[in-house]
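One structure below.
Lettering of chains follows the sequences in order, A, B, ..., and the numbering in each one begins at 1.
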Protein chains: 2
Amino acid sequence: MTTATNNTFEHLLDQHHLKKTVPRLRVLAMMAEKNTATSQPDLENLMQDVDRVTLYRILNVFEEKGIIHKVFDLNGTANYAICTSNCQEHHHHDEHLHFNCTVCNNVYCLNDLSLPAFNLPLGFKANGFTIYASGTCQKCTKK
Amino acid sequence: MTTATNNTFEHLLDQHHLKKTVPRLRVLAMMAEKNTATSQPDLENLMQDVDRVTLYRILNVFEEKGIIHKVFDLNGTANYAICTSNCQEHHHHDEHLHFNCTVCNNVYCLNDLSLPAFNLPLGFKANGFTIYASGTCQKCTKK
DNA sequence: TTAAGTGCAAAATCTTTGCAAATGT
DNA sequence: ACATTTGCAAAGATTTTGCACTTAA
């Protein structure tokens, strides 16, 4: 959905001292062309010819480096989406709303929503949070 | 942490037309005596003599019936906690804050916190939500 | 040329399924 | 006595590990 060029991706990999390999670029391309997070099983299907183990490894480095972030959907399946901004290595800032549609099961990362503050009990120190809502998305609410 | 008697549990099982078996009562007792959600691996350790498959089945019925609810921690591991109130069969209302400590990995269900409202984009209809924060808990914040 | 990344085979885990024996009502 | 629930064995799925071959720099 974003108009990210292949150059953007290559730059991204450079930034994190990762080699620009074919499988990695394809993973980034796949994720960028959707407006929802992509589940690992989905990725596997979309990239039949890439070894499943390779996919695991790619997703792991990407997450460590802060290139993508991981969300678990209602079934506990890992879904991945490209981080929009300010994610550093080993410290994600994906403080947005994750919306999981109970019909199509898509996970939307609603980045532009302004999130309200909330209080924590004494002694708790949060360094990150996400609001996680489930229901029906635009498409599935209709009929 | 709650002072739930064994009678409470038996009543709970009755309510949902489930037989009051030893493994089921023990699962409820284990969960009730902690103030954090319990991970499936933890439960397995605590209940060595109960078959792992039985545990899967117990957790599944309990969740379906709305007796417990499931939260995924930062590692994607399922954690379970007894529902405090108004959970109906197939429709949970666990709209509280889940706090996952990055040090001890405990998941706290902070039920008494008043949660702020938030808006969704046009077309999205939420029927449930939870705020999910990570950081350090009371114990681990100290030193 | 060589360090990093991939693919394949195999191990280790985790989850589900089927069925006979045990248990609660 | 009968329907549920459990335990065990075994199948299926997911995730990790080791190592030789390939690729990007």
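- By the 6.0 Å contact criterion, CG on A/Asn60 is enclosed, its count of non-hydrogen atoms from other residues, nucleotides or ligands being greater than 12.
- Salt-bridge check for B/Arg57 with B/Asp51: failed, with every basic side-chain N at 4.0 Å or more from each acidic carboxylate O.
- With hydrogens and angles disregarded, no donor-acceptor distance shorter than 3.5 Å links the side chain of A/Tyr108 to the backbone of A/Ala37.
- Closest approach to the A/Asn60 side chain among D/dT16, D/dA9, D/dT6 is made by D/dT16 (side chain taken as heavy atoms from C-beta onward).
- Annotation: proximity of residues 17-24 of chain A to DNA chain C (heavy atom, distance under 4.0 Å) is found for A/Leu18, A/Lys19, A/Thr21, A/Pro23, A/Arg24, numbered in ascending order.
- In this structure a side-chain-to-backbone donor-acceptor pair under 3.5 Å is missing from A/Ser134 to A/Asn100.
- Other residues, nucleotides and ligands place no more than 12 heavy atoms under 6.0 Å from the CG atom of A/Asn119.
- Protein chain B contacts DNA chain C over a range whose 5' and 3' limits, counting nucleotides with an atom under 4.0 angstrom from a non-hydrogen atom, are C/dC14 to C/dT25.
- Nucleotide D/dT14 holds its C1' atom 13 Å from the CZ atom of A/Phe72, rounded to whole Å.
- Sequence order on DNA chain D of the closest nucleotides to A/Pro41 and A/Arg57 puts A/Pro41 first from the 5' end.
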Exercise. Given salt bridge (Lys or Arg N to Asp or Glu O under 4.0 Å), test A/Asp49 with A/Arg26 step by step and report yes or no.
Key: CA-CA 11 Å; A/Asp49 47 335; A/Arg26 281 185 55 204; 3.2 Å; yes
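- Checked by atom type and distance alone, the side chain of A/Tyr132 pairs as donor or acceptor with a backbone atom of A/Phe72 at under 3.5 Å.
- With A/Arg24 contributing its side chain and A/Leu13 its backbone, the two residues share no donor-acceptor pair below 3.5 Å.
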